[in-house]
Amino acid sequence: MATFQKLAILCLGASTVLAAPSDKHNGKKTPKVSPIKQISLGPRPYWLVDQMDEGPLKKKLASCSEKRMKPSDWSISHRGGGTLQFPEHTYDSIIAGTRMGAGIQECDVTFTKDLQLVCRHAQCDLHTTTNVVSLPELNAKCTTPFQPASGDRPAKAKCCTSDFTLAEIKTLCAKMDASDPKATTPEEYLGGTASWRTDLYAKTCSEVPTLKEFISLVDDLGLKFTPELKAPEVPMPFNGGNYTQAAYAQHMIDEFKAAGIKPERVWPQSFVYEDVLYWLKAEPKWGKQAVLLDESGDEPGTFPSAVARLKEYKKAGVRIVAPPLPYLVTVDKKGKIVPSSYAIEAKKQKLDIITWSLERSGWLGDGSGGGYYYASVANVTNGEGDVYNLLHVLAQDVGVIGVFSDWSATVTYYANCFGL
């Protein structure tokens, strides 16, 4: 059994159906899985409901506590869907998110030195999501090998998937996305996991999956796909060859074609507008469900232009936009969470909306107001239960068609309670 798979089988229960070992990689045997029919949400959604202020929404959500829960496409995994506690983009996180009812699974796609596609949230995040800096031979190949903290200078490293071949990446162990800026050794640098996350499920070696492995696993689970083409952090064409941005965008689609996946099951995503335009023109069957991720309103003064560009996207043929949570809501004069100008304009343009990412903030009741993902409603975010106040407005007033989450159970519970 491949090390990047075995933990979830042990920890998440026996209803993952194992068959004779199949697909081999580096001599490791991986199990075959079947669709998970009995999902389990665990205690968190129920605890979140308990934390809510009294009112009609809490009463409604509490009334669903004994409801038999089912998977929902409204619940979209973020980096696997179990990312709050499991290393992201691993078999473990994918199985956790699937057990918690995610109907659509995400793989953030980037490429290796030998032009193989793998699931990583960024092309250059191996130094924080794997143990690469602790392996001297591979650390030396990083764009910026590990440098220890010294005086006021924090420890640093930069290790990209494009620094390594697939065979080299397959020797790495995934870990929680973190680093310790005070580290003086590579081993110390692997720490730094946030207090509201955990290393409990990162003690075994989970592999970095290829896109092909991701497709095979999610297909066996009977789920749908949302691959995100990550923006390259190296000049394109890569290494001065023929691997252009367009070739990269096509490569991702070709992997699904080769696996026999129908385009109706796939929502390709990108923050790069030109990628979406490419799919619309070169692969219209796949471009039909292409998702334009939008963070163009993050910088001060840019939000109005982000709203204004929605009309352009619609005219170009884009059907789905995916801004972060705070773009879609604001607080009115009565202190009520309401749809933002972005949400109103997207609806006016008849654009479908997906949003990200729930359960990616720290504690909501620590005075921080929830950080980035709650920035536009921070003044009415005071406790853990407020996650459902936000989700309710997104569902009922904004009308989003799906929500990415680092802990799929939270969204799945709401989706089941409201029949989404």
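Predicted, not measured: the structure shown is a model, and the values here were computed from it.
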Spell out, as yes or no, whether a donor-acceptor pair under 3.5 Å connects the side chain of T144 to the backbone of K158.
no

Closer than 3.5 angstrom, by distance alone: can the side chain of K175 be matched with the main-chain N or O of P87 as a donor-acceptor pair?
no

Answer with yes or no whether the side chains of [Y] and [X] bring together a donor and an acceptor at under 3.5 Å.
{"X": "D386", "Y": "Y374", "answer": "no"}
{"X": "T98", "Y": "Q105", "answer": "yes"}
{"X": "S296", "Y": "R309", "answer": "no"}
{"X": "Y189", "Y": "H127", "answer": "no"}
{"X": "T128", "Y": "D177", "answer": "yes"}
{"X": "T184", "Y": "E188", "answer": "yes"}
{"X": "Y327", "Y": "D298", "answer": "yes"}
{"X": "Y91", "Y": "E213", "answer": "no"}
{"X": "Q269", "Y": "T226", "answer": "yes"}
{"X": "R265", "Y": "Q289", "answer": "no"}

Quick one: closest heavy-atom pair of [X] and [Y], and the distance?
{"X": "E106", "Y": "R79", "answer": "OE1-N, 2.9 Å"}
{"X": "P268", "Y": "W279", "answer": "CB-CZ3, 3.8 Å"}
{"X": "V380", "Y": "I337", "answer": "CG2-CG1, 3.9 Å"}
{"X": "P181", "Y": "A149", "answer": "O-CB, 3.5 Å"}
{"X": "S361", "Y": "W196", "answer": "O-CZ3, 3.3 Å"}
{"X": "M52", "Y": "N389", "answer": "CE-OD1, 3.6 Å"}

Describe, in one word, how the ring planes of Y388 and Y414 are oriented to each other, choosing from parallel (under 30°), tilted (30 to 60°) and perpendicular (over 60°).
parallel

F86 and W407 aromatic ring geometry - parallel, tilted or perpendicular at 30°/60° bounds:
parallel

Stepwise side chain to side chain contact (heavy atoms under 4.5 Å, CB included) check, V398 with T355
CA-CA 11 Å; V398 176; T355 191; over 6 Å; no

Evaluate E168 against K113 for salt bridge (charged side-chain N to carboxylate O under 4.0 Å, His left out), listing each step before the verdict.
CA-CA 10 Å; E168 290 171 327; K113 187 175 183 179; over 6 Å; no

Check whether any side-chain heavy atom of R44 sits under 4.5 Å from a side-chain heavy atom of T410, and report yes or no.
yes

L229 and Q245: CA distance, side-chain angles, deciding distance, side chain to side chain contact (heavy atoms under 4.5 Å, CB included) verdict
CA-CA 10 Å; L229 194 74; Q245 184 68 26; 3.9 Å; yes

Ring centres under 6.0 angstrom apart ([X], [Y]):
{"X": "F238", "Y": "Y248", "answer": "no"}
{"X": "F214", "Y": "H89", "answer": "no"}
{"X": "W356", "Y": "F271", "answer": "yes"}

Identified side chain to side chain contact (heavy atoms under 4.5 Å, CB included) counterpart of Q116 within the set T161, L166, L211, T165:
L166

Salt bridge (charged side-chain N to carboxylate O under 4.0 Å, His left out) between D406 and R360, intermediate numbers included:
CA-CA 6 Å; D406 275 21; R360 192 148 187 85; 2.4 Å; yes

Could you tell me whether K257 atom NZ has more than 12 heavy atoms of other residues or ligands within 6.0 Å of it?
yes

What do you reckon, C160 and C142 SGs under 2.5 Å?
no

